[in-house]
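Beneath this line is the structure, given in structure tokens, with notes to follow.
For the single chain, residues carry numbers from 1 onward in sequence order. Computation of the quantities below employed the complete heavy-atom set of this structure, encompassing side-chain atoms and omitting hydrogens, waters and symmetry-equivalent molecules.
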Amino acid sequence: MEQKKFDINSFIGMILLGGILLYWVNTNKPDETIDTSTNTEQTVDTTSNTSNTFTENTPVFENDSLKQIAYTTKLGAFAQSAINGSNGTSVLENKLVKLLISNKGGQIIEAEIKNYKTYDSLPLYMIKDKNASFNINFGTTDNRILNTKDLFFTPTISKNGENTIVSMKLKVSNTQFLEYRYEIKPNNYMVNFTIRSQGLSDVINSSNPINLDWSLDGYRHEKSLKTENTMYSHLYYKTEDDVDYLNAGNTEILNDVDWIAYKQHFFTSNLLSDTPFNNATVTSTELVKNEELDTVFTKRYELKTPLELTNGELDYKMKWFYGPSDYNLLKTFKGTDLDHTADLGWGIFGFLNRTVFYPVFNFLKGFLSNYGLIIILMTIVVRIIMSPLVYKSYLSSAKMKVIRPELTALNEKYPGKENAMKRQQETMAIQRKAGVSMMSGCIPALLQMPVFFALFKFFPTNLALRQESFLWAKDLSSYDMVFQLPFKIPFYGDHVSLFPILASVAIFFYMKMNQSQQANMQAPTQEGMPDMGKMMKYMIYFSPIMMLFFFNNYASSLSLYYFVSNLLTIAIMLVIKNYVIDEDKIHAQIEENKKKPEKAKSKFRQKIDSAMKQAQEQQAQQKKGKKSK
């Protein structure tokens with residue numbers, strides 16, 4: 001029998017299999033239970049009076065060789081940010097604003113404006129529950145495309161005097177990193193924000209574009225969704241010392257952009273940059289498709305802009321502003337033109353609001369705390385200032401009333417279309433001799449129009465009136481509902497507001513009283529011309545109804561102003577009519593004017609008379625030509 005020899009290869013194989021089995025048993029033991037009552041999270045608390053910052057860290061990744069290989073393959077030089085990264089947040093807070101900054105992405109994930117509430121008394125957030133995103137997309141020299149929103153930053157909290165600083169670093173190593181640096185002052189909505197890199201010139205691929213993306217879905221904050229979203233929520237931007245805005249549903253490419261503002265009626269989210277953005281793409285998207293269903297968000301705002309490297313590194317000094325769109329506040333940021341986002345109107349309307357109405361309002365606010373009374377007093381001041389124009393208009397009306405019999409006689413003397421030119425010449429001659437001008441009645445009315453439109457912007461955008469009550473109106477910046485309708489009326493709404501009703505009644509009586517004045521201002525109706533008197537009668541009823549429908553969903557402060565303004569105008573007109581204007585004296589003055597030698601005609605008047613004379617001669621020749629035939 002042949003003896004079996006010892007097989008060295010089999011022996012080595014058995015030893016290896018045994019080693020592998022032993023390794024497998026040891027590495028797959030059940031995890032030990034951790035006592036969470038003693039160690040759940042790491043917290044750094046730097047609370048100091050009204051400012052506090054803390055960080056909470058929860059381990060995300062195991063530091064083993066397999067995951068190191070996986071993350072190195074995926075992230076290259078930035079693998080350590082994922083391996084050593086942790087979920088966590090840092091709070092940057094003062095008396096005015098509270099910001100929550102996430103380790104993941106290094107971005108703000110919550111922004112609360114502390115001293116304000118929503119229309120339904122909830123904390124007012126500009127950012128919450130992932131409605132915003134801030135990201136830098138860049139390429140690396142090892143041919144990877146990365147997004148900062150997916151990577152983990154390391155937070156560091158420090159103090160600079162009374163200022164609190166949160167530094168978020170996306171590390172390659174301790175000396176190589178991309179940093180977001182936030183610095184907040186004790187009593188300021190403006191937060192200094194710096195984006196800079198150090199030692200990444202050999203890591204970031206300068207041949208690839210570096211793109212900054214900032215987007216936000218605006219939360220609804222006000223009672224009237226239609227007013228907030230349609231009229232006062234816009235994407236604003238400043239380019240080359242010019243501030244403009246973008247309507248919803250549009251995209252625009254801009255250069256030299258100093259700042260972008262995502263405005264939501266009374267509140268705004270701003271990003272300002274010392275280095276202007278070039279080739280920036282801004283987009284505004286309407287999110288409200290159905291006002292009865294889409295009640296959470298109003299608009300989506302987006303900014304996409306390339307960033308430039310300086311000596312191979314990023315270095316941008318910026319600022320965040322999460323706060324109220326208050327003209328009085330925003331004008332304190334000198335040189336920024338942020339006050340333009342308060343939307344006071346363009347041209348002369350904005351000029352009146354800035355130089356007249358806000359100073360008057362702020363003055364009255366220093367003495368009174370009831371904003372309804374402030375509006376009433378402000379209305380009185382405006383009407384007193386405008387009363388000379390009312391007097392001038394009423395005086396012109398009285399003069400036209402005195403010469404009206406002469407104009408009626410003139411129509412009878414020169415009847416028919418064929419005498420239209422002659423009739424017009426004689427009418428102008430009578431007015432000129434009497435010292436009466438049709439424009440003297442129109443100009444005062446035209447001069448009051450800028451005031452009307454300026455205040456149309458002033459009251460609905462004035463933050464001081466927000467959630468201030470007066471009488472039955474709970475919020476002077478929104479409509480004053482006194483009755484909820486069980487149905488919705490087109491163009492009117494599903495509720496009844498009382499101040500618009502009072503304002504409509506007041507304007508009806510004002511127009512009724514003003515009808516006789518307007519009739520006096522008009523020359524007698526000539527043949528072939530529309531009867532303006534009938535049109536005015538229709539307007540007496542049409543204007544109040546139009547106002548009632550339009551203002552039912554508008555700011556009650558504006559309806560209150562127009563109600564009081566029309567009452568005061570009626571009172572001023574009664575005083576002028578009964579105690580100031582004396583028609584007998586006016587008639588005597590007109591007779592004296594007729595006796596005076598006629599003044600030399602101006603060049604403009606000479607051209608008009610010459611044109612009318614030529615037209616009259618042509619009309620006469622045409623008339624003769626017809627007779628000869």
Side-chain angles (χ1 to χ4, degrees), residues 107-108 111 126-127 131-137 189-195 209-219 228-287 297-308 316-327 329-347 349-350 353-354 457 461 463:
Q107 61 180 315
I108 299 171
M126 304 300 287
I127 300 177
N131 72 312
S133 174
F134 184 86
N135 178 59
I136 295 178
N137 173 276
Y189 287 103
M190 198 74 76
V191 177
N192 291 331
F193 178 59
T194 301
I195 298 176
I210 303 171
N211 294 314
L212 183 153
D213 298 334
W214 175 40
S215 65
L216 181 143
D217 290 352
Y219 279 112
E228 175 185 8
N229 186 42
T230 305
M231 297 182 179
Y232 300 113
S233 293
H234 299 289
L235 188 156
Y236 282 84
Y237 53 85
K238 181 183 178 183
T239 57
E240 300 178 345
D241 297 325
D242 181 41
V243 177
D244 205 346
Y245 68 91
L246 186 70
N247 285 318
N250 292 307
T251 297
E252 194 164 343
I253 299 176
L254 310 169
N255 290 313
D256 295 323
V257 181
D258 294 322
W259 51 256
I260 298 291
Y262 298 165
K263 188 189 175 189
Q264 301 161 237
H265 199 169
F266 287 114
F267 302 95
T268 181
S269 307
N270 294 6
L271 178 62
L272 303 87
S273 177
D274 290 351
T275 304
F277 300 132
N278 283 315
N279 200 32
T281 302
V282 292
T283 303
S284 177
T285 305
E286 179 65 64
L287 298 181
F297 299 108
T298 56
K299 287 184 173 67
R300 174 171 296 144
Y301 301 116
E302 296 173 275
L303 164 69
K304 297 180 184 296
T305 184
L307 299 180
E308 296 179 359
Y316 277 80
K317 291 180 174 58
M318 303 181 183
K319 290 181 177 67
W320 288 110
F321 176 91
Y322 292 100
S325 183
D326 178 17
Y327 171 74
L329 169 67
L330 296 177
K331 71 178 181 179
T332 63
F333 299 111
K334 303 295 184 182
T336 63
D337 291 327
L338 285 176
D339 56 296
H340 285 66
T341 64
D343 196 10
L344 300 183
W346 55 272
F349 312 129
N353 281 326
R354 287 188 294 270
K457 283 287 189 179
T461 60
L463 180 74

In chain order, what residues pass the ring pair (Phe, Tyr, Trp, His ring centres under 6.0 Å) check against F349, with sequence neighbours excluded? W346, F453
Test side chain to side chain contact (heavy atoms under 4.5 Å, CB included) applied to D244 - qualifying residues, sequence neighbours left out: Y237
Do the ring planes of W320 and Y322 sit parallel (below 30°), tilted (30 to 60°) or perpendicular (above 60°)? parallel
Pair I136, I195 - check side chain to side chain contact (heavy atoms under 4.5 Å, CB included), show working. CA-CA 10 Å; I136 295 178; I195 298 176; 3.9 Å; yes
No-hydrogen, no-angle side-chain donor-acceptor test under 3.5 Å, E240 and N255: no
Beyond-backbone contact of S284 with N247, side-chain heavy atoms, under 4.5 angstrom: no
Given side chain to side chain contact (heavy atoms under 4.5 Å, CB included), test T251 with T281 step by step and report yes or no. CA-CA 7 Å; T251 297; T281 302; 3.5 Å; yes
Is the closest side-chain heavy-atom distance between D213 and L303 below 4.5 Å? no
Can you find a pair of side-chain heavy atoms, one from L246 and one from Y301, that are under 4.5 Å apart? no
Separation between CG (D326) and CG (L338), nearest 0.5 Å, reads 12.0 Å
Partners meeting salt bridge (charged side-chain N to carboxylate O under 4.0 Å, His left out) with K263 (sequence neighbours left out): none
Side chains of L272 and M190: does their closest heavy-atom pair fall under 4.5 Å? yes
Value rounded to 0.5 Å, distance of OG1 in T285 from CG in L235: 10.0 Å
Without hydrogens or angle criteria, can the side chains of N211 and K304 be said to hold a donor-acceptor pair below 3.5 Å? no
Measure the shortest side-chain to side-chain distance between F333 and F321 over non-hydrogen atoms and say whether it is less than 4.5 angstrom. yes
W214 versus I260: any side-chain heavy-atom pair under 4.5 Å? yes
Which residue pairs satisfy the side chain to side chain donor-acceptor pair (under 3.5 Å) criterion with at least one member in residues 332-345, sequence neighbours excluded? K238-D337, D343-K457
Is the distance between the ring centroids of F134 and F193 under 6.0 Å? yes
Identify, with sequence neighbours excluded, every residue that meets side chain to side chain donor-acceptor pair (under 3.5 Å) alongside E308. none
Only counting residues at least two apart or in another chain, list the ones meeting salt bridge (charged side-chain N to carboxylate O under 4.0 Å, His left out) with K317. D315
When you look at E228 and S233, which way does the side chain to side chain contact (heavy atoms under 4.5 Å, CB included) test go after all the steps? CA-CA 6 Å; E228 175 185 8; S233 293; 3.9 Å; yes
What residues form a side chain to side chain donor-acceptor pair (under 3.5 Å) with Y232, not counting sequence neighbours? Y554
Straight-line distance of D256 CG to N279 CG, nearest 0.5 Å: 11.0 Å
Can you tell me how far apart NZ (K299) and CG (L287) are? Round to the nearest 0.5 Å. 8.5 Å
Residues at least two apart in sequence or cross-chain that pass ring pair (Phe, Tyr, Trp, His ring centres under 6.0 Å) with Y316, listed by chain then number, are none
By side chain to side chain donor-acceptor pair (under 3.5 Å) - contacts of T268 (at least two apart): N270
Could you pull out all residues at least two apart from Y219 that satisfy ring pair (Phe, Tyr, Trp, His ring centres under 6.0 Å)? F297
Can you tell me how far OG of S325 sits from CZ of F267, rounded to the nearest 0.5 angstrom? 9.5 Å
Is there a side chain to side chain contact (heavy atoms under 4.5 Å, CB included) between T283 and N250 once you walk through the steps? CA-CA 6 Å; T283 303; N250 292 307; over 6 Å; no
Could you report the tightest heavy-atom contact between Q264 and S269, atom names first, then the distance? OE1-OG, 4.4 Å
For the residue pair Q107 and A132, what are the closest heavy atoms and their distance? OE1-O, 4.2 Å
For residues N137 and I210, determine if any side-chain heavy atom of one lies less than 4.5 Å from a side-chain heavy atom of the other. no
Run the ring pair (Phe, Tyr, Trp, His ring centres under 6.0 Å) test against Y327 and tell me which residues pass, sequence neighbours left out. Y358
Taking only residues two or more places apart in sequence or in another chain, which ones pass side chain to side chain donor-acceptor pair (under 3.5 Å) with D217? R300
Work out which heavy atom in V257 is nearest to a heavy atom in T239; give both atom names and the distance. CG2-CG2, 3.7 Å
Can you measure from CD1 (I108) to CD1 (I127) and round to the nearest 0.5 angstrom? 5.5 Å
T194 side chain near M318 side chain, heavy-atom distance below 4.5 Å: no
Is a side-chain donor or acceptor of T461 paired with a backbone partner of L344 at a separation under 3.5 angstrom? no
